[in-house]
Amino acid sequence: MKTLKEVKVGESAKVVKLHGEGAVKRRIMDMGVTRGTEVYVRKVAPLGDPVEVTVRGYELSIRKADAEMIEVE
């Protein structure tokens with residue numbers, strides 16, 4: 001299982017599954033990160049948090065803890 005946190009800068013990945021429960025999972029889905037969506041990792045902050053990604057044509061910053069809940073391939 002590979003998570004969004006493990007994807008290197010400049011690589012793309014496809015979302016396979018969202019882990020987490022309740023409000024956290026709903027918030028990630030509301031940001032446009034859903035199963036089957038292509039996610040491109042643009043930047044990672046110097047300390048690794050947050051991760052800036054492009055999803056559905058817009059830039060999004062995701063905390064490292066949230067990126068670990070997104071399973072990709």
Under a 4.0 Å threshold between the charged nitrogen and the carboxylate oxygen, would D66 count as salt-bridged to K5? no
Identify the two heavy atoms, one from A67 and one from I62, that lie closest to each other, and give their separation to 0.1 Å. N-CG2, 3.7 Å
Considering only distance and modelled atom types, tabulate donor-acceptor pairs under 3.5 Å from the side chains of residues 28-38, sequence neighbours left out.
residue : atom : partner : partner atom : Å
D30     : OD1  : R26     : NH1          : 3.4
T34     : OG1  : T37     : OG1          : 3.0
T34     : OG1  : R56     : NH2          : 2.7
T37     : OG1  : T34     : N            : 3.4
T37     : OG1  : T34     : O            : 2.8
T37     : OG1  : R56     : NH2          : 3.2

Does one hydrophobic cluster hold both V16 and V24, with members joined at side-chain heavy-atom distances below 4.5 Å? no
Among residues two or more places apart or on two chains, list those pairs meeting side chain to side chain donor-acceptor pair (under 3.5 Å) that have a residue in residues 14-23. H19-E71
Answer whether the closest heavy-atom distance between the side chains of V53 and E59 falls below 4.5 Å. no
Contacts table for residues 39-49: side-chain donor-acceptor under 3.5 angstrom, sequence neighbours left out:
residue : atom : partner : partner atom : Å
R42     : NE   : E52     : OE2          : 2.9
D49     : OD1  : K64     : N            : 2.7

